[in-house]
Amino acid sequence: MTTLKHQAPTKKIHSFHPPQRTLMGPGPSEINPRVMAAMSLPTIGYLDPVFVEMMEELKSLLRYAYQTKNALTFPVSGPGSVGMEYCFVNMVAPGDRVIVCRNGVFGGRMIENVERAGGIPIVVEDEWGQPCDPQKLEDALRKNPGVRVVGFVHAETSTGVQSDAKSLVQVAHRHDALVIMDAVTSLAGTPVLVDDWEVDAVYSASQKCLSCTPGLSPVSFNDRVVEHVKARKDKIHSWFMDMNLLLGYWGATTRTYHHTAPTNSLYALHEALLLIKEEGLENCWARHHRHHLALKAGLEAMGLQYLVDEGARLPQMNAVHIPQAVQSREAEVRKTLLTEFNLEIGAGLGPLAGKIWRVGIMGYSCKPENVMLCLSALGSVLSDMGLPVKVGEAEGAAHHAYAQIHAQEAQHARSKKVANLK
Ligand SMILES: *Cc1c(COP(=O)(O)O)cnc(C)c1O
């Protein structure tokens, strides 16, 4: 018998029981019990014919979510950051010049990815909280002929701003450049129309509006991107993320071992996407919009102001300025929300740290009880800290917004009925 060199930890260790939290930050979002149940089903082999059948369904559900016919649509094993890296490492060869539109944290990460793939980034800057400006992209492409790849973030989670993806793609295509679009926070929360907008490469993540467990990154490449990657003379600089090798496992015809697929996580994603299909994608977008309006009414009733202009706001990511009077104690506010109300909201990042809060209503977290809890909890904490917030006022405003939406919906349903009778 061998003696162990390293003893088991002496500290008494119990099973880990995380608390039940209300998740209203920048992700992860809450998870439907059906998704958790799917995840706990028996593990089977990643080449099991039953599993392979599920993979095909998963791909078709993803094409629905992305609104695309792209054959190459599948979840990469790894978080959203891996999906980002997958796009850049496959599409950018050493020496390539790549334009990145940056208006927040995640555009910055795209620049990092270009550099690490050996590319030369050309950065088009916009202010944090502003959408990416298609005119600035146009100018940059004119100044830099021959650029083959452009990257931008559709929904900047760090600020809650949404860029006009369709226009940005049109500009890039006029200059014969392929587009990489980050749809991590937008997918399923707000329209992402990959084929209509002619987005060439797109990636997302499982834990935001898809409301699945973290650790999977759905990606989609159109044929132009597949050709572009296949035409490369050099080896892709990542073995794990090499599109050509991954296709051996996820492709249409072959199923050969590449890496051990995270089977149970994939069951979960299948179920999460099925829930979206059952609800209907348009209804899912409408739900995010509806609860955003109620949340906004409540936050504004408390005197909190949005960072982003109305036309470019993401419904699922609500960034508001922290009132001057509590800026120095903003971490305390979030801590109290977490410990007293089991509620998580997001802090600001980078230059916006300590300046904004980010309230997410993503996927399964996007429901009236969360909107009401958030308004009630935040109102009570801010009032305790001496801000001129009347407890209950925000909930009243949200209630009023819901009533208005319901009245509009009823009116809409009535006129539709009349139109059908005619
Ligand atoms: C969350 C996020 C990512 C990174 O996803 P991870 O799953 O955390 O790796 C990338 N881009 C955007 C816009 C995000 O919100």
Side-chain angles (χ1 to χ4, degrees), residues 23-31 62 65-66 75-89 100-114 116 126 128-132 151-165 168 179-192 194 199 201-220 238 240-241 262 265-266 268-269 272 288 307-308 312-319 344-350 352-353 356-363 365-366:
L23 297 178
M24 298 184 75
S29 54
E30 288 167 42
I31 296 176
L62 269 180
Y66 270 136
V76 178
S77 306
S81 306
V82 172
M84 184 190 284
E85 198 144 340
Y86 167 82
C87 292
F88 283 93
V89 84
V100 175
C101 303
R102 171 167 62 182
N103 61 344
V105 167
F106 293 100
R109 286 199 183 173
M110 282 186 160
I111 297 167
E112 276 285 323
N113 270 279
V114 171
R116 282 158 200 252
D126 269 295
W128 287 42
Q130 293 291 324
C132 303
F152 70 86
V153 178
H154 183 214
E156 238 318 332
T157 322
S158 59
T159 65
V161 79
Q162 171 161 220
S163 286
D164 177 358
L168 291 166
V179 162
I180 298 175
M181 180 171 96
D182 178 314
V184 172
T185 282
S186 48
L187 188 64
T190 189
V192 174
V194 169
V199 179
V202 63
Y203 60 90
S204 189
S206 49
Q207 79 279 18
K208 308 227 175 168
C209 295
L210 298 179
S211 270
C212 183
T213 48
L216 288 170
S217 179
V219 296
S220 186
S238 160
F240 183 69
M241 280 176 273
S265 295
L266 291 166
L269 184 60
H288 285 87
L307 171 74
V308 173
R313 271 176 213 158
L314 284 165
Q316 63 273 46
M317 185 79 274
N318 296 261
E344 178 181 277
I345 66 165
L349 296 176
L352 294 171
I356 60 164
W357 285 315
R358 293 179 300 148
V359 184
I361 38 170
M362 297 183 183
S365 285
C366 182

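Whatever order the structure lists them in is the order used to number ligands and atoms, beginning at 1. These numbers come from a predicted model, not from an experiment.
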Taking the side chain from [X] and the backbone from [Y], do they hold a donor-acceptor pair closer than 3.5 Å?
{"X": "Arg102", "Y": "Gly108", "answer": "no"}
{"X": "Ser365", "Y": "Glu30", "answer": "yes"}
{"X": "Ser217", "Y": "Ser204", "answer": "yes"}
{"X": "Glu156", "Y": "Phe106", "answer": "yes"}

Is there at least one pair of N or O atoms, one from Ala155 and one from ligand 1, spaced under 3.5 Å apart?
->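 No, there is no polar N/O contact under 3.5 Å.
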Among Met241, Glu112, Met110, find the residue that satisfies the side-chain contact (heavy atoms from CB on, under 4.5 Å) test when tested with Phe88.
->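 Only one of Met241, Glu112, Met110 forms a side-chain contact (heavy atoms from CB on, under 4.5 Å) with Phe88, namely Met110.
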In terms of atom number and element, which parts of ligand 1 are under 4.0 angstrom from non-hydrogen atoms of [X]?
{"X": "Ser81", "result": "4 (C), 5 (O), 6 (P), 9 (O)"}
{"X": "Gly80", "result": "5 (O), 6 (P), 7 (O), 9 (O)"}
{"X": "Thr185", "result": "15 (O)"}
{"X": "Gln207", "result": "6 (P), 7 (O), 8 (O)"}
{"X": "Pro79", "result": "6 (P), 7 (O), 9 (O)"}

Record the part of Glu156 in heavy-atom contact with ligand 1 below 4.0 Å; permitted values are side chain, backbone, both and neither.
->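 Neither; no heavy atom under 4.0 Å.
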Of the protein's non-hydrogen atoms, which lies at the shortest distance from [atom], and what is that distance?
{"atom": "atom 14 (C) of ligand 1", "result": "Lys208 NZ, 3.1 Å"}
{"atom": "atom 3 (C) of ligand 1", "result": "Phe106 CE2, 3.4 Å"}
{"atom": "atom 11 (N) of ligand 1", "result": "Asp182 OD2, 2.7 Å"}
{"atom": "atom 15 (O) of ligand 1", "result": "Thr157 OG1, 2.3 Å"}

Go through the side-chain N and O atoms of Gln162 and Thr190 and say whether any donor and acceptor fall under 3.5 Å apart.
-> yes
Heavy-atom nearest pair, Ser163 first then Leu168, reads CB-CD1, 3.9 Å
Give, for atom SG of Cys132 and atom CG of Asn103, the distance between the pair rounded to the nearest 0.5 Å.
->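 Separation between the atoms: 3.5 Å.
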